[in-house]
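As the structure is a prediction and not an experimental result, all values here were calculated from the model. Sequence positions, counted from 1, serve as the residue numbers for this chain.
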Amino acid sequence: PTKTEGMTRSTTRGTGMTPLENFRRQIASSPWRQHAEIGAKFYKMSEEIHKIMEQAEQAVKLKDMGNAAYKEKRYEDALKHYADARKIWATANVRGHHTAVLWSNEALVYEKTEDWVRCLYACDEGLKHFCTPVLRKKLEVRRVEADKQLEDFDNGVVKEPPPKPQVERKPPTKLAAGWVQQGEDLKYPETGSAQGKVEKPGPFICHFEDAKEAGFVDGVDGWKDRKTREEQRTDRELVAAGLMSPDLLDDPKSVDYINPLPPQEG
C-alpha cells in the first residue's frame, strides 16, 4: 500500500504515487460519478474502497516504524507499533497474511527478549491467519523453540551461554606489548654463533612472512606498496580513458615506497 508507482515519476515529482494517491486521482476524473443509473452506487463503493486503502497505508507505515524500532533495539516501541497496526487491520475487518506478519514480528521481539510465554502466544495467534508457506514455517519453527524453552524452564534446565568461537592463531612471535622483545636471551653469545658470527641481531626480529608483508624484503611489495601501486595504476587508467587530467598524475620518482625496488617476477 505504500509502494510508489515508477510510471508516475516526473521532473516535478521525485517519487511515484502510492496506490491510494493514484486511486484518488482516478476517482476524481471517472465519468461513472455522473452516470444517471449507477453514479450513486459507484460513489458509495469508491468511498468504501478509499477507506480500506487509507487504513492499509496507515497500517503498513506503522509496521515499517515497528521494524525500524526493532533494528534500533527499541523493543517496547516496536511492540506498540505492531499492536497499533493490528488494530487498524481489525477495524477494517482485514485478516490473513498482513495480520500474520505483525504477529510474527511481535513473536520475534519476544524471542529476542526471551519472553517465551508471549512469544508462544504470538505464534499461535499468527498461525490462526492465512499466510504464505514461508511465513507459516517461520511461525511454526519459532513456536517450537518457545515451547522448548518453557519446557526446559519447568524442568529446571539451566541455559548455558554459547561457547566463544575458537580462532586459529599462528605460533606466537617474540613480541611483548606490541614491541620487539630485546632481552639478553635473544643475543648471540660473546663467543659467536654456531656459524662463527659475533654480530648481535638487529633491533627488529619477526617472522619472514611478516617481514615480506611489511615490505622489508627486497623485491617484494608489502601491503602499503601494493596499495600505492594500485592507486598509481588506477590513475593511469583514468588518464587513458580521458576521465582525469594527465597533470594530476604523480611523478613516479616522487612516489614514496617502503621498498622502492620493483617486485620480482613470479
Side-chain angles (χ1 to χ4, degrees), residues 1-6 8-9 13-24 48-167:
T2 58
K3 187 175 182 181
T4 58
E5 300 177 4
T8 59
R9 294 177 184 171
R13 186 181 179 92
T15 58
M17 291 189 296
T18 64
L20 177 59
E21 292 172 330
N22 190 40
F23 178 78
R24 287 170 176 166
E48 293 177 359
I49 296 174
H50 180 266
K51 182 179 179 181
I52 293 176
M53 294 184 72
E54 272 189 328
Q55 292 169 321
E57 184 172 292
Q58 186 180 3
V60 172
K61 285 181 178 178
L62 283 168
K63 184 200 73 173
D64 293 341
M65 291 169 62
N67 292 346
Y70 172 80
K71 290 180 181 179
E72 296 172 1
K73 298 183 179 180
R74 294 185 289 109
Y75 299 130
E76 290 298 326
D77 291 339
L79 291 173
K80 182 180 183 305
H81 292 316
Y82 295 147
D84 290 344
R86 286 203 313 274
K87 291 177 182 177
I88 293 175
W89 286 126
T91 302
N93 197 26
V94 173
R95 294 173 50 83
H97 181 79
H98 290 294
T99 304
V101 166
L102 293 169
W103 281 116
S104 178
N105 291 358
E106 187 166 318
L108 178 61
V109 174
Y110 289 133
E111 181 185 49
K112 197 71 174 180
T113 56
E114 297 188 353
D115 189 340
W116 300 112
V117 173
R118 289 187 173 89
C119 180
L120 186 65
Y121 174 79
C123 291
D124 286 338
E125 289 299 312
L127 289 170
K128 293 178 181 179
H129 297 268
F130 171 82
C131 58
T132 63
V134 174
L135 181 58
R136 179 165 293 275
K137 183 66 175 179
K138 287 182 180 180
L139 287 165
E140 291 172 345
V141 170
R142 190 161 287 127
R143 190 195 184 285
V144 170
E145 177 62 20
D147 192 49
K148 178 180 181 301
Q149 292 293 335
L150 291 173
E151 183 179 352
D152 288 347
F153 179 80
D154 292 339
N155 295 331
V157 177
V158 179
K159 184 178 179 181
E160 296 291 338
K164 294 183 178 180
Q166 298 294 325
V167 180

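- In this structure, Tyr110 and Leu79 have side chains that are in contact, with non-hydrogen atoms separated by less than 4.5 Å.
- The shortest side-chain heavy-atom distance between Leu102 and Trp89 falls under the 4.5 Å cut-off.
- In this structure, Asp84 CG and Tyr82 OH are separated by 12.5 Å, a value rounded to the nearest 0.5 Å.
- Within the structure, every pair that satisfies the side chain to side chain donor-acceptor pair (under 3.5 Å) test and touches residues 121-130, not counting sequence neighbours, is listed here: Asp124-Arg143, Glu125-Lys128.
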CA sep, side-chain torsions, deciding dist, call: Trp103, Leu127, side-chain contact (heavy atoms from CB on, under 4.5 Å): CA-CA 9 Å; Trp103 281 116; Leu127 289 170; over 6 Å; no

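- Here the side chains of Leu135 and Ser104 are in contact, with some heavy-atom distance below 4.5 Å.
- We find the SG-NZ distance between Cys131 and Lys137 to be 12.5 Å, quoted to the nearest 0.5 Å.
- A distance-only check finds a donor-acceptor pair linking the side chain of Thr91 to the backbone of Lys87 [under 3.5 Å].
- Here Lys80 does not pair with Asp77 in a salt bridge; the nearest charged N to carboxylate O distance is not below 4.0 Å.
- Between Leu62 and His81, the closest heavy-atom pair is O-CB, 3.4 Å.
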side-chain contact (heavy atoms from CB on, under 4.5 Å) assessment of Trp116 paired with Glu145: CA-CA 9 Å; Trp116 300 112; Glu145 177 62 20; 4.2 Å; yes

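- With Thr99 contributing its side chain and Arg95 its backbone, the two residues share no donor-acceptor pair below 3.5 Å.
- Atom CD of Glu76 is separated from atom OG1 of Thr113 by 8.0 Å, given to the nearest 0.5 angstrom.
- One finds the CD1 atom of Ile88 at 11.0 Å from the CD atom of Glu57 (value rounded to the nearest 0.5 Å).
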Steps toward side-chain contact (heavy atoms from CB on, under 4.5 Å) verdict (Glu140, Cys123): CA-CA 7 Å; Glu140 291 172 345; Cys123 291; over 6 Å; no

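- Applying the ring pair (Phe, Tyr, Trp, His ring centres under 6.0 Å) rule to Tyr75 yields the partners Tyr70; only residues at least two apart in sequence or on another chain are considered.
- In this structure, Glu72 places its CD atom where more than 12 heavy-atom neighbours from other residues, nucleotides or ligands lie under 6.0 Å away.
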Step-by-step side-chain contact (heavy atoms from CB on, under 4.5 Å) determination, Glu114 to Gln149: CA-CA 9 Å; Glu114 297 188 353; Gln149 292 293 335; over 6 Å; no

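- Between Arg118 and Glu106, no side-chain nitrogen of the basic residue sits less than 4.0 Å from a carboxylate oxygen of the acidic one, so the salt-bridge criterion is not met.
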